[in-house]
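Input: a single structure, listed below in structure tokens.
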Amino acid sequence: AENQLFKKVLIPGMFLQTMTGGLLLPLLPLYAQNKIGLTPSQYAVMLLAGGAAAAFSFLPMGHLADHFRLKTLLGSGFAMSAISLLLFSLVAREPLSAYLLAGLVGLSYAVVLPAWNNLLAKAIPPERQATGWGVFATVEGMGIAVGPALGGIMAKTYEISSVLILCAVLLAAMSCFYFLYPVEKIITKTK
């Protein structure tokens, strides 16, 4: 059951999360400047809005991760992320809307991260933690490496907004997966 959890739930989820971030990272400044018309200082405020929303939400979302089913929080957080990015690509056309949507992205990240960390902590047996975290770091590194390359190819072939839509689709697929997959049952079998 532990091997099934790693193969079906943790490894793909970890890769897709970091790949999605990697897809956006190099293209977001260009999108903000060219599509929304943000100046560098306004882009900095947008990043600050997203980071502040995440930072202020981590503690309450951590409390929720201790009391709610992980699948509910993971599914909800990924769904919020998908909706936020889709809205960002469709309606962010001036600084205020970009700031608000960046805040929503930050909030959705704060919903996912404590639940995800809780899942990882429960899934890795104490005697194999170093190996487990090493595997996770490798998979995250692969996602971070693949994301920008794929994003650059897509942006050149199509346009930058197509990358935002791809990210939204990937996050929506992850949301559906975590809503449907019996995460808690597998965790209890690994104990």
Side-chain angles (χ1 to χ4, degrees), residues 12-65 68 70-120 140 143-148 150-152 154-155 158-179:
M14 196 166 276
F15 178 78
L16 287 174
Q17 283 179 66
T18 55
M19 187 185 79
T20 302
L23 281 163
L24 292 173
L25 192 60
L27 301 174
L28 199 54
L30 296 171
Y31 186 84
Q33 181 182 2
N34 298 336
K35 291 283 187 178
I36 305 173
L38 298 183
T39 65
S41 60
Q42 290 172 324
Y43 179 70
V45 171
M46 183 186 82
L47 293 179
L48 183 63
F56 287 119
S57 303
F58 279 134
L59 185 59
M61 293 303 135
H63 286 297
L64 288 179
F68 284 87
L70 294 177
K71 69 184 295 166
T72 302
L73 292 173
L74 289 170
S76 299
F78 286 125
M80 282 177 59
S81 296
I83 291 166
S84 301
L85 286 177
L86 189 60
L87 287 173
F88 194 84
S89 71
L90 297 174
V91 301
R93 295 294 175 256
E94 80 282 335
L96 181 59
S97 63
Y99 302 158
L100 292 173
L101 288 167
L104 188 57
V105 170
L107 174 62
S108 63
Y109 180 67
V111 173
V112 169
L113 191 63
W116 183 257
N117 288 342
N118 193 354
L119 174 62
L120 294 181
E140 285 181 338
I144 290 169
V146 169
L150 180 60
M154 283 191 66
Y158 303 104
E159 62 178 58
I160 295 175
S161 59
S162 67
V163 177
L164 289 170
I165 292 168
L166 173 63
C167 290
V169 168
L170 289 172
L171 291 166
M174 290 175 68
S175 172
C176 292
F177 176 82
Y178 286 108
F179 271 131

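- One distance of note links CD1 of Ile165 with CD1 of Ile160; it measures 12.5 Å at 0.5 Å rounding.
- Remark: Lys35 engages Glu159 in a salt bridge (Lys or Arg N to Asp or Glu O under 4.0 Å) (not counting sequence neighbours).
- Summarising the geometry, atom OG1 belonging to Thr20 is positioned 9.0 Å from atom CZ belonging to Phe15; distances are rounded to the nearest 0.5 Å.
- For the pair Leu74/Met174, no side-chain contact is recorded, criterion being any heavy-atom separation below 4.5 Å from C-beta on.
- Taking 4.5 Å as the limit, some side-chain heavy atom of Gln17 sits within range of a side-chain heavy atom of Phe78.
- For Ser175 (side chain) and Leu171 (main-chain N/O), no donor-acceptor pair under 3.5 Å exists by modelled atom type.
- Taking all atoms of both residues into account, the shortest heavy-atom contact from Cys167 to Leu85 is CB-CD1, 3.7 Å.
- The list of side-chain hydrogen bond (donor to acceptor under 3.5 Å, both in side chains) pairs with a residue in residues 70-79, not counting sequence neighbours, is empty.
- Taking all atoms of both residues into account, the shortest heavy-atom contact from Thr18 to Gly143 is OG1-CA, 3.3 Å.
- Distance CG/Leu73 to CH2/Trp116: 13.5 Å, rounded to 0.5 Å.
- Under the side chain to side chain contact (heavy atoms under 4.5 Å, CB included) criterion, Asn117 pairs with Leu113, Leu120, not counting sequence neighbours.
- Side-chain contact between Leu170 and Leu23 is present, with heavy atoms from C-beta onward closer than 4.5 Å.
- In this view, Glu94 satisfies the salt bridge (Lys or Arg N to Asp or Glu O under 4.0 Å) rule with no residue, not counting sequence neighbours.
- Shortest non-hydrogen contact noted between Gly151 and Val163 is O-CG2, 3.6 Å.
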Residues 99-112 side chain polar contacts: donor-acceptor under 3.5 Å, at least two apart:
| residue | atom | partner | partner atom | Å |
| --- | --- | --- | --- | --- |
| Ser108 | OG | Ser81 | OG | 3.0 |
| Ser108 | OG | Leu104 | O | 3.3 |
| Ser108 | OG | Val105 | O | 2.7 |

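- Residues Leu28 and Phe88 have side chains in contact (heavy-atom distance under 4.5 Å, counting atoms from C-beta outward).
- Side-chain contact between Leu164 and Leu86 is absent, with no heavy atoms from C-beta onward closer than 4.5 Å.
- Put simply, the side chain of Tyr43 never gets that close to the backbone of Leu30: no donor and acceptor are under 3.5 Å apart.
- Looking only at side-chain heavy atoms (C-beta outward), Gln33 and Leu38 stay at 4.5 Å or farther from each other.
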Let me have the donor-acceptor pairs involving side chains of residues 45-65, under 3.5 Å, with sequence neighbours excluded, atom names and distances please.
| residue | atom | partner | partner atom | Å |
| --- | --- | --- | --- | --- |
| Ser57 | OG | Ala53 | O | 2.6 |

